[in-house]
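Reminder, nothing fancy here: chain letters follow the sequence lines and each chain counts from 1.
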Amino acid sequence: MPDPFETRLTRHLLDWYDRHHRDLPWRVTPTAHRQGLRANPYHVWLSEVMLQQTTVQAVKPYFRKFLERWPDVSDLASAPVEDVMAAWAGLGYYARARNLKKCAEAVASLHGGVFPDTEDGLRALPGIGDYTAAAVAAIAFNRPAAVMDGNVERVISRLYAIDAPLPGSKPVMKARVRALTPVERPGDFAQGMMDLGATICTPKRPSCVLCPFRDDCLALGRDDPERFPVKAAKKEKPIRQGAAFVAVSADGAVLLSRRPASGLLGGMTEVPTTSWTSRQDGGTTPDHAPFPADWQPAGVVTHVFTHFELRLTVFRALISTRPLMQGCWWEPVEQLEAQALPTVMKKAITLAIPRAFSPASTAPDS
DNA sequence: CATCCGTGGTG
DNA sequence: TCACCAAGGAT
């Protein structure tokens, strides 16, 4: 039996979503949805994977680029993985790109190119966890799955003034979400909760006066919504150091290599580097260059990863020949843009070759 | 369950 | 400036 209180909260949220939903490229508006237009599961899945720990603004251009290049899941399944990694470069969390490709292959070969339409079926695919399985099931297939991401955690923790810290409080919050999720319009409810968290129930300075839950929110009742969600203290970031070597040949090519398939920046392209160590004096000299050359310091790149900060001393050398290096290749500067270079490597190359990624890099000097 | 995994925007 | 953190998943 539905609880009248929960039912009222759900209705308030859906009414708010009808009026204030965001229009997004992968989304079907609530009006169109009521008229029978269904969201494309491929679009929903692709957007949800891209949106994992990533902002809407950052995702939009990547989403358009992927759809234009690979219009459906079977196109993505048959694409070279290097192309997918290169197209993903800059978006971060590169295991997502590897799993995106694996998932597309599984859908194409195991499911005949059609996404499973249940939470459990989706959950079994690579790169799809609890959140994404529930989101795709609800949004693309109208399943009453309980969708809980960081936005929903914030909304729920405030609405019910949950004092227990994350992540331990997740099961309690998930039960609250489950009780609120309607059999009718579960996808709109999930998207409404996320829109509410993104635009009204924000981490700092929430706009409670505009919130559909303003009359029922226990955190607002305590006059302290910013206190929630309570989170466990986080570790501080160590600093690691290393050196990167940008070798430029006389005919304008750069020495590149491929990082190991798993781990940090797995499967992405790099310039040769030393190992990145936490030692104070470690790895910032040309001693470990890929080959002897007239290595000149070009500066230091600082880049912040999730769990450490990297200070990379960049060396540059102009060389007349192209030494053949095991596991490396020489890439013309004007083709670097097509490589799967993560941001830290683009920073290092730009420091050594300032015009490497400028549109005019192929034009003669003026 | 804790740790590892990127990047860019924001207050 | 800098701490926070965004539609999390794999191990």
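The aromatic rings of Trp45(A) and Phe115(A) sit tilted relative to each other, their planes meeting at an angle between 30° and 60°.
Rounded to whole angstrom, the span from the OH atom of Tyr131(A) across to the C1' atom of dA6(C) amounts to 11 Å.
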Produce the list of close N/O pairs, under 3.5 Å, pairing protein atoms with atoms of nucleotides 4-7 of chain B; give distances to one decimal.
| from | atom 1 | to | atom 2 | distance (Å) |
| --- | --- | --- | --- | --- |
| dC5(B) | OP1 | Leu264(A) | N | 3.2 |
| dC5(B) | OP2 | His307(A) | NE2 | 2.4 |
| dG6(B) | OP1 | Tyr93(A) | N | 3.4 |
| dG6(B) | OP1 | Tyr94(A) | N | 2.8 |
| dG6(B) | OP2 | Leu265(A) | N | 2.4 |
| dG6(B) | O4' | Tyr93(A) | N | 3.1 |
| dG6(B) | N7 | Thr306(A) | OG1 | 2.6 |
| dG6(B) | O6 | Tyr93(A) | OH | 3.0 |
| dG6(B) | N1 | Gln53(A) | O | 3.0 |
| dG6(B) | N2 | Gln53(A) | O | 3.1 |
| dG6(B) | N2 | Thr54(A) | OG1 | 3.1 |
| dT7(B) | OP1 | Tyr94(A) | OH | 2.8 |
| dT7(B) | OP1 | Thr343(A) | N | 2.6 |
| dT7(B) | OP1 | Thr343(A) | OG1 | 3.3 |
| dT7(B) | OP2 | His303(A) | NE2 | 2.5 |

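In this structure Arg316(A) satisfies the salt bridge (Lys or Arg N to Asp or Glu O under 4.0 Å) test with no other residue, sequence neighbours excluded. Not counting sequence neighbours, the partners of Arg222(A) by the side-chain contact (heavy atoms from CB on, under 4.5 Å) test are Ala161(A), Asp163(A), Arg227(A), Phe228(A). Partners of Pro272(A) by side-chain contact (heavy atoms from CB on, under 4.5 Å), not counting sequence neighbours, listed by chain and number: Leu255(A), Pro290(A). In this structure Phe305(A) satisfies the ring-ring contact (aromatic ring centres under 6.0 Å, His included) test together with His303(A), Phe308(A), sequence neighbours excluded. Partners of His43(A) by side-chain contact (heavy atoms from CB on, under 4.5 Å), not counting sequence neighbours, listed by chain and number: Asn40(A), Phe63(A), Leu67(A). The side-chain contact (heavy atoms from CB on, under 4.5 Å) check on Pro332(A) picks up Glu334(A), Gln335(A), with sequence neighbours excluded. Under the ring-ring contact (aromatic ring centres under 6.0 Å, His included) criterion, His12(A) pairs with no residue at all, not counting sequence neighbours.
When atom types are taken as modelled, the side chain of Thr202(A) and the backbone of Ala198(A) share no donor-acceptor pair closer than 3.5 angstrom. Under a 3.5 Å cut-off, the side chain of Ser169(A) and the backbone N or O of Pro167(A) do not form any donor-acceptor pair.
Among residue pairs with one or both ends in residues 136-152 of chain A, those qualifying as salt bridge (charged side-chain N to carboxylate O under 4.0 Å, His left out) are Asp117(A)-Arg143(A); sequence neighbours excluded.
Looking at residues 11-31 of chain A, you'll see Arg22(A), Leu24(A), Trp26(A), Arg27(A) sit with a heavy atom under 4.0 Å from some atom of DNA chain C. Proximity of residues 133-169 of chain A to DNA chain C (heavy atom under 4.0 angstrom from any strand atom) is restricted to Asp149(A), Gly150(A), Asn151(A), Arg154(A). A heavy atom closer than 4.0 Å to some atom of DNA chain B occurs in no member of residues 170-201 of chain A.
dC1(B) sits 13 Å from dA10(C) when the C1' atoms are compared, rounded to a whole Å.
By the criterion of side-chain heavy atoms lying less than 4.5 angstrom apart, applied directly or through intervening Ile, Leu, Val, Met, Phe, Trp or Tyr residues, Leu159(A) is grouped together with Leu196(A) in one hydrophobic cluster. Residues Phe357(A) and Val333(A) fall within the same hydrophobic cluster, defined by Ile, Leu, Val, Met, Phe, Trp and Tyr side chains chained together at heavy-atom separations under 4.5 Å.
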